[in-house]
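A short write-up of the structure that comes next.
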Protein chains: 2
Amino acid sequence: MPITLKEIAEKLNISVTTASKALKDYADVSPKTKAKVKALAKELNYQPNAFAVHLRTKESKTIGVIIPEVVHHFFSNVIRGIISEAEKKGYLVIILQSNESYDMEKKQLELLMKQQVDGVLISLANGTNNFDHIKKAIQQNKPVVMFDKIAKVVNCSKIIINDIDAAYNATKHLIDIGCKKIAHFRGPLLPQNSIDRFIGYKRALEDHDMKYDPSLVYLCECGDNSFEEGKINAQQLHQDFNDVDGIFINTDLVAIGAITAFQELGVNIPNDIAIVGFSNWFMSTVITPSISTIDQPGYAMGQTSFNQLYKEIKAQKYGDYVEPETITLKTELLKRGSTQKTICN
Amino acid sequence: MPITLKEIAEKLNISVTTASKALKDYADVSPKTKAKVKALAKELNYQPNAFAVHLRTKESKTIGVIIPEVVHHFFSNVIRGIISEAEKKGYLVIILQSNESYDMEKKQLELLMKQQVDGVLISLANGTNNFDHIKKAIQQNKPVVMFDKIAKVVNCSKIIINDIDAAYNATKHLIDIGCKKIAHFRGPLLPQNSIDRFIGYKRALEDHDMKYDPSLVYLCECGDNSFEEGKINAQQLHQDFNDVDGIFINTDLVAIGAITAFQELGVNIPNDIAIVGFSNWFMSTVITPSISTIDQPGYAMGQTSFNQLYKEIKAQKYGDYVEPETITLKTELLKRGSTQKTICN
DNA sequence: TTTGAAAACGAAAACGATTTCGATTTAACC
DNA sequence: GGTTAAATCGAAATCGTTTTCGTTTTCAAA
């Protein structure tokens, strides 16, 4: 049904070769024939068969993205950033969701390799502690860029924020407003982000002569950063201590859960306990009190990730090697209601 | 670099033909050769060249999805539903975002056609009032399924909810709890959803002997269903009337904006004004008061949409025609804080 | 031993575009 | 007119797989 080069060539009594070259402005086609071919191509609305082009050129103008969770304010912003940049360069974006599962992530990466995308962007699942699947992809010369949830041991470009610094600033903010006993909801054990945010929290305490107390750090049993986790941890903390006056929480969603629980328990936020979250979800601006948080630039991260990947795709196409880069994006502390105490202490 | 059939064939001193057939369990290959080929293929980790397969089979095992906005609770749920079903059938999903713009939507559909995806799922942009691009795709025998934001005049399968009924129920709920003067924030003029929700609102009023008053319907100038829109409309309504005691609002996000504005104005929700939203965003459960709303099954809509598209892709592959279907998914009214009045009137 | 059918294999033509390289035509100059 | 260089063109190989259809081999029945 669709028009092929062959048909165009036949109608004009020229060879397929010439038709092809005419459309691509080769020097060895006369202006006259070029004009004729182009005119007819336009008239018939000729579209080169993508599959044939891919087979010859060995590229598909498509990249794959693997993320833990699509329905997620931060990640959907990243996706938007990726798509917007990719579109500018004529690339399409395949999205896969690992559901924070290592097995799925592995399977999906293999699927992308099989479908021969030109490159892969990946943000690791919480469950991933083996990186052979990624190393294997890199070994097969497939450009791979990791973003946000990365593995330090894998030798590829990485687009991240400085979680340690950001957590440090968040915690310092609590100290600055006068909190004396600061807890931390740190989320799951594994991903580097959790670890780094924990480190930043601890370092801020130590730098300000507040001793670090492991019993003030609440883990997440469920494995995900959920609203429920915030509620449960808040209730637990309420039982354990009555003198905690500040919490640095891993994620805004968890913070919202915590605030909800505290409100039910009659704890006033921020006067009894001040809270700083992380990520700047939209929700944090509209809840009462609004949540002080770290703005995590998802959209920019998506853009930067694609552009880095694009650079590497181009490089490897022309056979040059580019040294993997680690790009750190800026975050910002947003001071809002959950840390604006109205009574002096 | 990657292994090809030819290499396998050479190593085993058989023809490419036999190797290919062995891997696909053709009857005219002896069990012995089959075993040998399969073993070697596994050993060398042979992956068929996807581009070559696509060229031969004329299918790419890839579908395209065009949605107005990725960062959106409902749509990201739809995406998740699509991806999860697609994966089961071995399909990859390309996501494109129209930003509610007709021009982008058109360009993107053309891009997908050029890249020869096997089918397209699309939810229309608010700005789209010309459907030739979609009709053209259908004419070229590309399976297309529309979901949520559809155009009635296009002859293809559609996966929707019954916006009229849902809006009717939402409005009726306000009537049931005793509201006497019910306003409506209807969002942008154009998309069918807005129209239908408005119709449901109006019908509910008329069925319950409450006269419909156009001045109680607030449009959206900005063109999108935003938090800001909710605030502005709420402020305007507060100026215009002091006896409105219920509002049916097009979208939860707008409802949240409205609630925020009302709280700043000292209007009590739900006692002064009861509010019903639409879509059941996660946010609606955690805000105070929690918002009564219509649960819109995004995940199921994604699944259903893909499965319908899959059916049509299969059908057209084998040359049969399937009559376009319109599937209506169930919605549910969720009664929450924003309609639970604590004082009698 | 011949015959015939069934089993096993492979040559070759697709799929549609790209690109190399050789062939032909045209134009230009002496 | 003859020679040469430049301008145009096209045959054919290639990308890797699939599939048709004809060929060879095998083996049991006659």
Side-chain angles (χ1 to χ4, degrees), chain A residues 1-38 40-41 44-62 90 113-118 140-141 317-318, chain B residues 1-38 40-41 44-62 90 113-116 118 140-141 317-319:
Chain A
M1 200 86 54
I3 307 297
T4 69
L5 264 192
K6 196 174 156 197
E7 295 172 290
I8 291 188
E10 275 167 5
K11 278 195 213 284
L12 294 175
N13 274 322
I14 57 175
S15 73
V16 175
T17 308
T18 308
S20 171
K21 289 198 279 198
L23 290 174
K24 315 201 89 196
D25 268 330
Y26 271 58
D28 66 346
V29 177
S30 74
K32 252 186 230 167
T33 9
K34 272 186 193 172
K36 273 196 298 181
V37 174
K38 284 180 182 173
L40 186 60
L44 301 179
N45 189 29
Y46 164 75
Q47 300 280 18
N49 181 304
F51 304 151
V53 175
H54 295 165
L55 178 58
R56 271 297 306 213
T57 61
K58 297 185 178 306
E59 52 176 16
S60 62
K61 291 281 186 179
T62 303
M113 295 292 292
K114 207 162 91 178
Q115 278 280 29
Q116 276 147 296
V117 293
D118 294 346
Q140 289 174 32
N141 288 318
K317 183 178 169 187
Y318 298 116
Chain B
M1 201 87 55
I3 307 296
T4 69
L5 265 192
K6 196 173 156 197
E7 295 172 288
I8 290 188
E10 277 168 4
K11 278 193 214 284
L12 294 175
N13 274 322
I14 58 175
S15 74
V16 175
T17 308
T18 309
S20 171
K21 288 198 280 197
L23 289 174
K24 314 201 91 197
D25 268 328
Y26 271 57
D28 65 346
V29 177
S30 73
K32 252 186 231 166
T33 358
K34 272 185 193 172
K36 273 197 298 181
V37 174
K38 284 178 182 172
L40 186 60
L44 300 179
N45 187 29
Y46 166 75
Q47 301 281 17
N49 181 304
F51 303 151
V53 175
H54 295 165
L55 178 58
R56 271 297 306 211
T57 61
K58 296 185 180 304
E59 52 177 15
S60 62
K61 292 282 186 179
T62 303
M113 295 292 292
K114 208 162 88 176
Q115 278 280 30
Q116 274 146 293
D118 295 346
Q140 289 175 31
N141 288 319
K317 183 178 169 187
Y318 299 116

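The chains referred to below are lettered A, B, ... by the order of the sequence lines, with proteins before strands, and numbering in each begins at 1.
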Mind checking what makes salt bridge (charged side-chain N to carboxylate O under 4.0 Å, His left out) contact with B:Lys36, not counting sequence neighbours?
none
Sequence neighbours excluded, the answer for side chain to side chain donor-acceptor pair (under 3.5 Å) partners of B:Lys21 is B:Asp28
Run B:Leu23 and B:Val37 through side chain to side chain contact (heavy atoms under 4.5 Å, CB included) and show every step you take.
CA-CA 7 Å; B:Leu23 289 174; B:Val37 174; 3.8 Å; yes
Closest approach of A:Pro48 to A:Val53 (non-hydrogen atoms, all atoms of both residues)
CB-CG2, 4.1 Å
Is there a donor-acceptor contact under 3.5 Å from the side chain of A:Thr62 to the main chain of A:Ser60?
yes
Backbone N/O of A:Thr4 and side chain of A:Glu7: donor-acceptor pair under 3.5 Å
yes
Answer yes or no: does atom NZ of A:Lys114 have more than 12 heavy-atom neighbours from other residues, nucleotides or ligands under 6.0 Å?
no
Outer limits of DNA chain D sitting under 4.0 Å from a non-hydrogen atom of chain A, read 5' to 3', are D:dT8 to D:dG16
Quick one: list whatever passes side chain to side chain donor-acceptor pair (under 3.5 Å) with A:Lys317, sequence neighbours left out.
A:Glu59
dist A:Leu40:CG -> A:Leu12:CG (nearest 0.5 Å) comes out at 5.0 Å
For B:Lys34, all residues meeting salt bridge (charged side-chain N to carboxylate O under 4.0 Å, His left out), sequence neighbours excluded:
B:Asp25
Starting at the 5' end of DNA chain C and moving along, which residue's nearest nucleotide shows up first, B:Ser30 or A:Tyr26?
B:Ser30
What's the angle between the local helix axes at either end of the helix from C:dT1-D:dA30 to C:dC30-D:dG1, using five pairs per end and rounding to 10 degrees?
70°
DNA chain C: 5'-most and 3'-most nucleotides touching chain B, 4.0 angstrom heavy-atom criterion
C:dA8 to C:dG16
Residue pair A:Met113, A:Gln140: steps toward the side chain to side chain contact (heavy atoms under 4.5 Å, CB included) verdict:
CA-CA 9 Å; A:Met113 295 292 292; A:Gln140 289 174 32; 3.2 Å; yes
Do any of residues 16-25 of chain A sit with a heavy atom less than 4.0 Å from DNA chain C, and if so which?
A:Val16, A:Thr17, A:Ser20, A:Lys21, A:Lys24
For A:Thr33, all residues meeting side chain to side chain donor-acceptor pair (under 3.5 Å), sequence neighbours excluded:
A:Ser30
Side chain to side chain contact (heavy atoms under 4.5 Å, CB included) between B:Tyr46 and B:Leu5, intermediate numbers included:
CA-CA 8 Å; B:Tyr46 166 75; B:Leu5 265 192; 3.3 Å; yes
Under the side chain to side chain donor-acceptor pair (under 3.5 Å) test, which residues partner B:Gln116, sequence neighbours left out?
none
For B:Lys11, enumerate each residue passing the salt bridge (charged side-chain N to carboxylate O under 4.0 Å, His left out) test, keeping only those at least two apart in sequence or located in another chain.
none
Identify, residue by residue, the members of residues 45-62 of chain A with a heavy atom below 4.0 Å from DNA chain D, and return them in order of residue number, or none.
A:Leu55, A:Arg56, A:Lys58
